[in-house]
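To start, the structure itself, in C-alpha cells.
Here is the naming used below: chain letters follow the sequence lines, and residue numbers restart at 1 for every chain.
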Amino acid sequence: MNYALDRFAAEVRSVISASGKVPEALIEVQVPKPSIPADLCFPTFRAAKEVGMDAPRLAQELAAAVSGAVPPDSLIGEVSAVGPFLNFALHPQHLAAAVLDEILCASDRYGRESTGAGKTIVVDYSSPNVAKRMHVGHIRSTIIGQSLIHIFRALGYRVIGDNHLGDWGKQFGIIIASVVREGKPQTEGEEALAHLEAMYTRYSEAMKDDPALDEEARQWSLRLEQGNADARALWQWCVETTLQVNQRNYDRLGVSFDHVYGESFYEAMLPGMIQQALEMNVARREEGGAVVVEGLDEKLPTFLLQRSDGGTLYLTRDIATIAFRMREFRPDQIIYVIGAPQELHLRQLFALSRAMGYAQEVELVHVAFGTVFDATGQALSTRRGNMVYLETLLDEAVARARGVIEQKQADLSEEEKERVAEMVGIGAVIYNDLYQDPRRNITLDWDRMLSTEGNSATYLQYSYARCRSIMRKAEQALSVERLLPMDPTLAPLLIHPTEQQLLKHLARLPAVIREAGERYTPFVIADWCYTTAREFGVFFEQCPVLKAETPPLREARFLLVTATAQALKNGLSLLGIQAPERM
RNA sequence: GGCCCGGUAGCUCAAUGGAUAGAGCAUCAGUCUUCGGAACUGAGGGUUGGGGGUUCGAUUCCCUCCCGGGUCGCCA
C-alpha cells in the first residue's frame with residue numbers, strides 16, 4: 001500500500017534527487033526522534049564527504065535548492081537546514097486531508113498491506129500439553145502467537161495457525177501408568193485434568209526412587225506408540241477432555257486455530273523420518289540402538305532422534321512436522337512461538353531440517369519469549385505451589401476489573417458491566433504479555449497488570465470509549481452521511497499543534513504494523529496504541545470538539561476523533577484486545 | 001566450562017549508527033463549576049554494568065571482563 005507517509009518519503013527522496021547535488025545512492029532519509037521538530041531528515045555527513053563539501057554547507061545548499069522545487073500539492077511543508085541535517089516537515093493541511101481520508105475510507109482495513117500477498121506463513125503456537133490444565137506457562141505462546149497471526153494477516157499473508165498439541169511421548173507413558181495404578185478419574189472437565197495432573201506429579205516423584213516405575217512408564221509410552229488398545233482408549237479420552245477444557249480459555253482470549261494437529265498426528269511418518277536421516281548419513285545408530293545426530297554444526301551439541309528402546313522423541317516428531325507442513329502448505333515461513341529455554345532444541349531442529357533438505361525454501365523462525373515469574377521473582381511451578389492456572393488468571397483479572405467498574409461506572413446495566421469487565425480483564429492479561437519485547441521475562445504483578453493508569457490496556461480502552469462517547473454526542477447533530485465523501489474544506493482546519501501531532505501519529509500505523517512483522521514484536525503496536533491514547537488525551541484537553549469555536553472546526557475535529565477511534569481499534573485488534581463502547 | 005538471552009532513572013520498560021537517551025509507576029507540585037478525572041500539566045531523578053576499539057558521530061557495531069537468567073542425548 002501507498003500510505004501518506006510513504007508518499008511523503010518518496011517525495012522527499014525525489015526532490016533531493018532532483019536537485020542534482022547528491023548521488024542517488026547516498027540519499028538516506030530517516031525519521032528523526034520526536035524531540036526534533038521535523039518529520040523526515042537527511043543527515044548529509046556521508047554525502048558531503050563524497051562530494052567534498054562540509055556537511056552543514058551541503059545541507060544549506062540543498063535546503064535552498066529543494067525549497068523552490070516542492071510542488072504545490074505536496075505533502076512536504078517546510079524544508080530547512082539545521083547544521084548537517086536537512087529537515088523536512090509535513091505540510092499541515094495536506095497531511096490532515098490525506099490522513100483523515102485514508103483512515104475514514106479504509107476504516108477496518110486501515111493499516112493493512114499487500115506485501116504478503118501470495119505468501120504463506122505457518123504459525124506454531126499455544127501447544128499446551130494434554131492431560132494438564134493450561135497455566136501461565138502457556139499463555140505467552142498463545143497470546144503472542146495469536147497477535148502475530150493478526151499482524152501477518154494484516155500484512156497480506158496467508159497465515160495458518162497450528163496448535164501443536166503435546167499429546168505424545170513418554171509423558172503419556174507416565175499418565176497411562178499412573179491411571180493403571182490409581183484408576184481413571186471419575187470427574188469431568190477441568191476437575192478431571194486437575195486429577196490427572198496430581199496423579200502425574202505423584203507418579204513422577206515416585207519414579208525417581210523406583211526404577212521399576214520408570215520402566216513401566218517407558219513401556220506404556222512404547223505400547224501407546226505401537227497401538228495398544230487400552231492405551232489408545234485412555235489417550236483418546238485425555239485428548240478430548242483437554243481440548244474441551246482448553247476451548248473455554250481460547251474463546252475468552254479470542255484465540256482460534258486453523259488446525260490442531262497434535263504431535264500424535266505425525267506418528268505414522270516417524271519411522272520413515274528416522275530411516276531417511278540414517279540413509280542420508282546425517283544420523284547414525286549407536287550400539288545401544290539409539291539414533292544420534294552429530295556434527296551438523298561444530299557448535300551444536302549432538303542430540304537424539306530415537307531412544308535406544310525404539311521410542312521416538314519430541315524432535316523426531318518436530319522434524320516430521322516440518323516435512324508435513326512443507327508438503328501440505330508450501331509455506332514461505334514457519335514461525336515457532338516457543339519459550340526461550342527451548343532455543344537450543346529449535347536450533348537443532350532447524351539444522352537437521354536443513355541437512356535433510358526440508359528447509360531449502362522456507363524460513364524457519366523461533367520467536368523466543370521469556371519466562372513468567374510471580375511478584376516475588378520466583379518462577380511459577382506446581383512443585384513450588386505458586387502455579388497460576390489460566391482459568392484462574394482470567395477469572396481473577398475479570399473479577400478485579402468488575403470491582404473497578406462497580407466503583408466508577410455503577411450506572412451501567414448489569415449485562416454491560418459483565419461484558420466490559422470481561423473485555424477489560426482479558427485485555428489486561430493480554431497487554432501484560434504484549435507491551436514489551438517478548439524476549440524479556442515478565443512478572444505476574446496484579447497491581448501493575450490491572451492498573452487503571454498509565455501504560456495499561458485499561459487506559460487504551462478508556463481512550464477508545466472516550467472517543468466513542470464524543471462521537472455518540474456529536475452524531476446527534478452531525479449526520480454520519482456527511483463523513484464521506486469528506487468536505488475538502490474541513491481537514492485543513494486541523495492545524496493546532498496537538499491536532500497535528502495526533503494526525504502524524506495516526507499516519508504511522510501502517511509503518512508500525514510492518515515493523516511489528518519484520519521484528520516479530522507485537523509490542524511495537526502496543527507502543528503505538530499507547531502513544532495514540534496519550535496524544536488523544538492531550539488533544540482532548542486542549543481542543544474541544546462539541547464546543548469548538550466554529551461549526552466547521554467542530555466537524556473537522558469530529559472527523560479526527562472518528563479517525564482516532566478507528567485507528568486505535570485497529571491497533572488493539574492486532575493485539576487481540578477488544579475496544580468497549582463505554583466502560 | 002561451551003552456547004544463547006538479558007544488564008538503560010528507585011521500580012517496570014522504550015530508543016532502523018545520528019541532533020538535548022524517552023515513557024509509565026512511585027515521589028513532590030499543579031490543572032478542573034469536565035465533549036467521560038480510569039484524564040491533563042510540571043518538577044526532581046542517568047558515568048546506558050566496567051574497560052578498550054571502530055568513525056564525523058556508539059545505548060546501538062567489534063573485543064574483553066563483571067553480574068543475572070536459561071540451556072547442554074534417551075522429558076517436552
- Query: Where is the tightest heavy-atom contact between A:Y464 and A:A565, given as atom of each residue plus distance?
  - Reply: CE1-O, 3.3 Å
- Message: Looking at every heavy atom in both A:F303 and A:P301, which two are closest together, and how far apart are they?
- Response: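 Shortest heavy-atom contact: CD2-O, 3.6 Å.
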Using atom [atom1] of [X] as one end and atom [atom2] of [N] as the other, report the distance to the nearest whole Å.
X      : N     : atom1 : atom2 : value
A:D297 : B:C3  : CG    : C1'   : 11 Å
A:L349 : B:C75 : CG    : P     : 18 Å
A:D527 : B:A14 : CG    : P     : 9 Å
A:R468 : B:G36 : CZ    : C1'   : 15 Å
A:L502 : B:C40 : CG    : P     : 13 Å
A:K299 : B:G2  : NZ    : P     : 11 Å
A:D318 : B:C75 : CG    : C1'   : 13 Å
A:F303 : B:C72 : CZ    : P     : 14 Å

Under-4.0 Å side-chain N/O to phosphate OP1/OP2 contact, [X] with [N]:
X      : N     : value
A:R218 : B:C75 : no
A:S469 : B:G36 : yes
A:K49  : B:C56 : yes

- Message: Centroid distance below 5.5 Å plus an interplanar angle below 30 degrees: do A:F540 and B:C40 meet both conditions?
- Response: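 Stacking is absent between B:C40 and A:F540, given that the ring centres and planes do not meet under 5.5 Å and under 30°.
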- Task: Please indicate yes or no: is the ring centre of A:Y462 less than 5.5 Å from the centre of the six-membered base ring of B:G36, with the two planes inclined by under 30 degrees?
- Result: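 A:Y462 vs B:G36: stacking no.
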- Message: Counting only heavy atoms not in A:E416 (residues, nucleotides, ligands), do more than 12 fall under 6.0 Å from its CD?
- Response: yes
- Counting only heavy atoms not in A:K504, do more than 12 sit closer than 6.0 Å to its NZ atom?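 Atom NZ in A:K504 is crowded, with more than 12 foreign heavy atoms closer than 6.0 Å.
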Give [X] one of three labels, base, sugar-phosphate or nothing, depending on what nucleic acid heavy atoms sit under 4.0 Å from its own.
X      : result
A:I36  : base
A:R582 : base
A:N129 : sugar-phosphate
A:P32  : base
A:V292 : base
A:R514 : nothing

Complement of [N], any strand, by Watson-Crick or G-U distances under 3.5 angstrom:
N     : answer
B:A58 : none
B:G24 : B:C11
B:G1  : B:C72
B:G6  : B:C67
B:G45 : none
B:A39 : B:U31

- Report the residue (A:I442 or A:F42) whose heavy-atom-nearest nucleotide on RNA chain B is the more 5′ of the two.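 Here A:I442 is the residue nearer the 5' end.
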- Message: Judged by each residue's nearest nucleotide on RNA chain B, which is more toward the 5′ side, A:V82 or A:V31?
- Response: A:V31
- What do you reckon, are the aromatic ring centroids of A:H345 and A:Y314 less than 6.0 Å apart? yes
- Message: Looking only at the aromatic ring of each residue, does the gap between the centers of A:F350 and A:Y336 stay below 6.0 angstrom?
- Response: yes
- A:Y530 has a side chain; which of B:A23, B:C13, B:G18 sits nearest to it? B:A23
- How far does the P atom of B:U60 sit from the matching atom of B:G53, given to the nearest Å?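 Those two atoms are separated by 14 Å.
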- Query: Mind checking the P distance from B:A23 to B:U16? Whole angstroms is fine.
  - Reply: 16 Å
- Query: Any donor and acceptor pair, going by atom type alone, linking the side chain of A:S456 with main-chain N or O of A:S451 inside 3.5 Å?
  - Reply: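 Flag set: sc A:S456 to bb A:S451 pair under 3.5 Å.
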Ignoring hydrogens and angles, are the base of [N] and the side chain of [X] linked by a donor-acceptor pair under 3.5 Å?
X      : N     : value
A:Q30  : B:U16 : yes
A:N87  : B:A19 : yes
A:S308 : B:C74 : yes

